[in-house]
Amino acid sequence: MLIFGLFILILTILVMVGIIKNANYNVNKYDIKKNATVKSFGYKQELIRDMGGFSNFAVSFSIISILTGAVSYYGYGFSQGGPAMMGVGWPLVTLLVLFVAAAMAELTSSIPTSGAIYHWASILGGSTWGWFTGWLNIIGQVTIVAGIDYGCATFASNLIFQSPSKTQFLITYFVILTSHAFLNHMGIDLVSKLNSISAIYHLVGVLLIVIILTLIGPAHPISYVFTTFSTQTSNNTPYWWAFMIGLLQAQWTLTGYDASAHTSEETLNPRVRAPWGVFMSVAISGIFGYLLLILVTISIKDPAAVASAGNNAFIVAIRQAIGSRFSNFILWLVTIAMWFCGCSSITSSSRMVYAFSRDGGLPLSHFFKRVSPKFHTPAVAIWLVAAIAFLSGISDGVYAVIGTMSVIGLYGSYVIPIFLKLKAKIHGIWTSKNDGPWNLGKWSNLVSFIACLWVIILIIIMILSPTDVQLTPHLLIHYATGKIIFFVLLFLAIYFNLYAKHVFKGPKLGSYEKLNKQLTTSQSAKIPVMRDHQQKN
C-alpha cells in the first residue's frame, strides 16, 4: 500500500500541474478582440457584479473548507478505513475530483451564469434535463449547508457546554444558521469580504495546526498512514468496502466548488476568473487538506479511542496530541472556520434557488425569486435555505445521511451537463467555437469521461452505504440514504410528469438559443449536415 499511496500522490500532482498548464496556455492565447461578443441569457442584471478573482475563488474555497469537511467527518473516515484513509483515501479522491472540477471549469468559462449547472443542462439537453439537474443541485446545496452548520454546531456546543443536551445543540445550530442568513441578506459586498478573510483564515489556520503538531512531535512515522488499516465496522464487512464507504470524508469535503460558477453573474471577467475559482479551490484544498490530515493522524496516541468517538473524533485526536488546555484554542480555530464555510455555502445555495425560481422551477417560484430592493440579494431564497437546513438536522443520527445526500445531489447534478457536453462533442455538435477561454483542448474529452465514470461509481457507493436514521424512539431506518434518494427521485418524477412538464419552459436562452437548438436536436440525420457546415466555416 505504501507504493500505491506514493503512486497516487505523484499522479495527483502531475494531473494537477498538467491541467493548470494546459488551461493557462489556452487562456493566454485566447483572442479577446475576436471573441469580444458576450453571450447572455436575456435576464435583467439584478445582482451586483462586484467580485474580483480572489473573492470568486474564496467563496468555493470557503465552502470546501478543509477545516470543516475533513474535520467534521474525520471520525467517519477513520473508523471505516483507519489511518490509510488519510494517507491514501484523501489523495485518491482529490485526484478524481480534479477531473470533475476541470470539466466544470470548462463549462463555467463557456456559459457563466448564476444558474450554472442548471443552465448548462438546459442548454445542452433541454428543459427536462435542466429541471432534474436543478432539483438535484438544490438538494445537494441545501443538505451541504445543513452538514456544514451541523458540524459547526457540534464543535461549538461541545466547547460552550459540558456534555451538551440535544436542546442546547439545536439552539446553537439555529443561531449559527440565522447568523449566516442575516449576513447574506445584508449584501454580496459584505459576504465577499468575509469570503476573502475566510480563504486567508483557512490557509493560516491549517499551517498553524500543522506547525504546532510538528513541534510537539508526532507519535507515529509517516509510513503509519500508508501501512495501517483498521475498521470499526462489522467483521462481516471486508476492508476494501469499508475503505470505499470511508471515502465520504474526502468526497464530502471536496464539494461545493460550483459556488464560483453560481456567483459568476457577480464576478468581473467571469469567463476567466470563475473557472479558475472552480478548479483552484479544489487543487489548493487538496494540498492543504492532505498536510492537515497527515499531521493529525500521525499524532494520535490512542487510535481505538479516536475511532470510537464518532462525530467528536477530531476533538479527541487533537486533545490526545496537544493536551486539553491548548487544544481548545485549536478547536475554536476550527469552529470559526466552519462558521465561515457555512456562510459561503448559503451564498451559493441561495443563488441556485434564486436562479431556478426565476424560471419557475420551484413551487411558489414567484415568491422565492424575490430580490431585496435595498441590498440586491435573493433574500427569500436565503432564508428558505436556512430554514430547510435547520429542519434537516433535527433527527438523531442524521449526519452521515446529510453527507451522503449532499454528495449524491451535488455530484449527480455535476455529471449531467458534463455528460451532455461530452456527448455533443463526440457527435461533432459542440466545437471549439463553443469553448470559453478556459479549456483543455484535446484533453477535454478524456477529462470529461473520467469525471463521468467516477461520479457514477461514487453515487453507487453513497447509495449502498450503511447509514441509519432514528426518526422516532421506535423507528430506525437502515440504509437510509438509498431509501430517501429513491423516494425523492420517485416524487420528482411524479411531480414532473403530472405538473412541471406542462408549465416549466426552462430558462431564457437569449443568445444561447441557437446553440441549444443544435445540441438538443433529436434528428440524428442532421448531425453530419451540421458537421459539414461547421467545417466549411
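The structure displayed is predicted, hence computed values, not measured ones.
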- Item | side chain to side chain donor-acceptor pair (under 3.5 Å) pairs, two or more places apart, involving residues 484-499 | none

- May I have all residue pairs that pass side chain to side chain donor-acceptor pair (under 3.5 Å) and include part of residues 201-210, sequence neighbours excluded? Ser65-His202, Ser198-His202

- Please test Gln251 against Trp454 for side chain to side chain donor-acceptor pair (under 3.5 Å), starting from the C-alpha separation and ending with a verdict. CA-CA 11 Å; Gln251 192 64 66; Trp454 169 238; 3.1 Å; yes

- Task: Begin with the C-alpha distance, continue with both residues' side-chain angles, and end with the deciding distance and a verdict on side chain to side chain donor-acceptor pair (under 3.5 Å) for Ser157 and Thr172.
- Result: CA-CA 6 Å; Ser157 60; Thr172 308; 5.1 Å; no

Name all pairs fulfilling the salt bridge (Lys or Arg N to Asp or Glu O under 4.0 Å) condition that reach into [range], sequence neighbours left out, sorted by first residue then second.
range	result
residues 125-142	none
residues 412-422	Glu106-Lys421
residues 153-162	none
residues 160-178	Lys166-Asp396

Answer yes if the ring centres of [X] and [Y] are under 6.0 angstrom apart, and no otherwise.
X	Y	answer
Phe61	Phe288	no
Phe368	Tyr354	no
Tyr76	Tyr399	no

- Message: Could you tell me if the side chain of Thr467 sits less than 4.5 Å from the side chain of Met405, heavy atoms only?
- Response: no

- Quick one: are Tyr73 and Thr253 in side-chain contact, heavy atoms under 4.5 Å? no

May I ask you to decide if [Y]'s main-chain N or O and [X]'s side chain share a donor-acceptor pair within less than 3.5 Å?
X	Y	answer
Asn516	Ser122	yes
Thr94	Trp90	yes
Ser62	Val59	no
Ser465	Met462	yes
Asn137	Thr133	no

For the [atom1] atom of [X] and the [atom2] atom of [Y], what is their distance to the nearest 0.5 Å?
X	Y	atom1	atom2	value
Thr68	Ile63	OG1	CD1	10.5 Å
Asp435	Arg271	CG	CZ	9.5 Å
Ser349	Ile139	OG	CD1	13.5 Å
Cys152	Ile176	SG	CD1	3.5 Å
Leu489	Ile484	CG	CD1	12.0 Å
Ile463	Thr481	CD1	OG1	9.0 Å

By side chain to side chain contact (heavy atoms under 4.5 Å, CB included), which residues pair with [X], not counting sequence neighbours?
X	value
Ser406	Thr143, Ile144, Trp252
Ser179	Trp339
Tyr479	Pro466
Ala23	Trp276, Trp438, Leu440

- Item | Residues in salt bridge (Lys or Arg N to Asp or Glu O under 4.0 Å) contact with Lys193, at least two apart in sequence or another chain | Asp189

- Using a distance-only test with no angle check, is there a side-chain donor-acceptor pair under 3.5 angstrom linking Ser260 and Asn56? yes

- Query: Among Phe132, Trp135, Phe356, which one satisfies ring pair (Phe, Tyr, Trp, His ring centres under 6.0 Å) with Tyr118?
  - Reply: Phe356

- Note on the structure: Hits for ring-ring contact (aromatic ring centres under 6.0 Å, His included) against Tyr257, two or more places apart or cross-chain, chain-then-number order -> Tyr414

